[in-house]
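So you know, we letter chains A, B, ... as the sequences are listed, proteins then strands, and number each from 1.
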Number of protein chains: 2
Amino acid sequence: MTSAQPYLRVIDDIEASIMSGALTVGDRLESERALAERLGVSRSSVREAIRTLSTLGVVRSSVGSGPQAGAILISDVELGWTSALRLHVAMRSLPVGDIVRTRVMLEAGAYRDVHQPVPRERLAAAHDLIDVMDASQGPQSFHHADLAFHLELVKLSGNTVAAMLLSSLRAAIEGYVAASFDSRDDWGDVAVTLQCEHRELVAALEAGDGERAAGAAARHILGFARGAALL
Amino acid sequence: MTSAQPYLRVIDDIEASIMSGALTVGDRLESERALAERLGVSRSSVREAIRTLSTLGVVRSSVGSGPQAGAILISDVELGWTSALRLHVAMRSLPVGDIVRTRVMLEAGAYRDVHQPVPRERLAAAHDLIDVMDASQGPQSFHHADLAFHLELVKLSGNTVAAMLLSSLRAAIEGYVAASFDSRDDWGDVAVTLQCEHRELVAALEAGDGERAAGAAARHILGFARGAALL
DNA sequence: GGGCGCCTGTGGTCGGACCACACGGTAGTG
DNA sequence: CACTACCGTGTGGTCCGACCACAGGCGCCC
């Protein structure tokens, strides 16, 4: 009574090994041929299973021989989330506005957990990114640094899930944001406003006023999104 | 110069059709054999691509013939998110505590957007679920209704992304929550406390006090999580 | 002892084959 | 004429065997 679909049996087997702790990040899976023989399924089914785990960011496959070859357990959460988000946004089943609003919830929520002044050295990377944005010559480079800036601040909260999620949400709508950035002829003025808000955000965190930072972040993101017609 | 991996070419082709609007939810994909021939790849590669899209919740495959058979475009966001989350939590790369904290951010954020009293009829389902929890005979049925209750309230905010995300986050740690629910011999007392907090939450929303609801939700979730040693 | 080349095992791809299934038209039946 | 039973057809699901490119490790040769 092994009625389940073969490729699901493979996934279940690997998942069970992960759950039991027999497999952890960095370990190598059995070879596709060995897995197929042990589980009594065809190699095609094993491949579909591994391909699935690969798109979920659980496995990385490499050809060749030696310790680095074969299927290796990784843990790249963003990989799966981002591709899933991108596709569903394309199908219009996830409104861009809702993604922006969700991003505000996550980011503001992360800042709201801050109750102690954040030491300056932990904000060094954020300050550097502000400088990078000041020196940026066009929307693309500014946007790129802006992405890293916000991610850096959320990482300070120590919530890995929120950070991953934020990164995926932004990646999914990156195309829309970049498009509206490029289409505005006043991007220089926009950049000045955004930078002012970035500095206010950092100042609030340095002061340990998470609530103020949360409010600033919400205004910052929603204000830009309105201007970009993303809401 | 079609150097890309064959299965990626298939995904790109389908994704392009979605982006351009040529394919929308409910449409049927070409048959695997037709797709393979048109793109000049083997059917195995097409299958890996479709299996990937299937795990991302973009496609549903059925055997047989007729309009309902074949690969049909759907949009089940939770499917991909939930399986990805579950696996990464199992690999210990996503701490359960961070998932709980992220859930608080989403739920509190959704309530915080409420500024008008919520009409009683829109809360009817929530009231019904409170009754269900009152009448529940054990942890499992209570937990099940609790899940639906919180999801129902977040859906009131109209943010589909937040609702999907909440649902996925809870599904990913459902096992841990259920386990700690079962292991407590005082689940009756816990239920009473939780129900009291549920009523306070609904009352705050009925009063249109989103801020109060957000605070109540945060205390409610974090309080239970602490008791269940999930933080 | 050091450098070079073969040998092995890996994932990646392909083609063909068979199966179970569900639909749709068709032939047979009342 | 209406209804039913049947079979043909196209679908995804699975399996098998084959070949390829690649990377590492081994042993041979210099």
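The shortest side-chain heavy-atom distance between L39(B) and D13(B) falls under the 4.5 Å cut-off. Looking at heavy atoms from C-beta onward, L56(A) lies out of side-chain contact with D76(A) at the 4.5 angstrom threshold.
Across the interface with DNA chain D, nearest-nucleotide mapping of S42(A) and A69(A) shows S42(A) to be the residue nearer the 5′ end. Position along DNA chain C of the nearest nucleotide to V63(B) versus R51(A) favours R51(A) as the more 5'-ward residue.
Closest non-hydrogen pair, A217(A) versus Y111(A), comes out as CB-CE1, 3.5 Å.
In summary, R86(B) and E174(B) do not engage in a salt bridge, as defined by a charged side-chain N under 4.0 Å from a carboxylate O. With respect to R170(B) and D146(B), a salt bridge is recorded, a charged nitrogen being found less than 4.0 Å from a carboxylate O. Ion pairing between R9(A) and D12(A) fails under the 4.0 Å rule for side-chain N and carboxylate O.
Side chain of Q5(A), nearest nucleotide from dG13(D), dG10(D), dC15(D): dG13(D).
When the P atom of dG13(D) is taken as reference, atom OH of Y7(A) falls 8 Å away, rounded to whole Å. Atoms CZ (R33(A)) and C1' (dC16(D)) sit 13 Å apart, rounded to a whole Å. If you take CD1 of I72(B) and P of dG10(D), they are 19 Å apart, rounded to a whole angstrom. Nucleotide dG13(D) holds its C1' atom 8 Å from the CD atom of E32(B), rounded to whole Å.
Backbone-only engagement by G66(B) is indicated by non-hydrogen atom pairs under 4.0 Å involving sugar-phosphate atoms exclusively. Within the 4.0 angstrom heavy-atom criterion, base atoms lie near S44(B).
At a cut-off of 3.5 angstrom, counting only N and O atoms as typed in the model, there is a donor on one side and an acceptor on the other between the side-chain of R43(B) and the base of dG13(D).
Contact between the side-chain N/O atoms of S65(B) and the OP1/OP2 oxygens of dT11(D) is not found at any separation under 4.0 Å.
Scanning DNA chain C 5' to 3' for nucleotides with an atom closer than 4.0 angstrom to a non-hydrogen atom of chain A gives a first and last hit of dG9(C) to dT13(C).
By the 30° and 60° cut-offs, the orientation of the rings of H220(B) relative to H150(B) is parallel.
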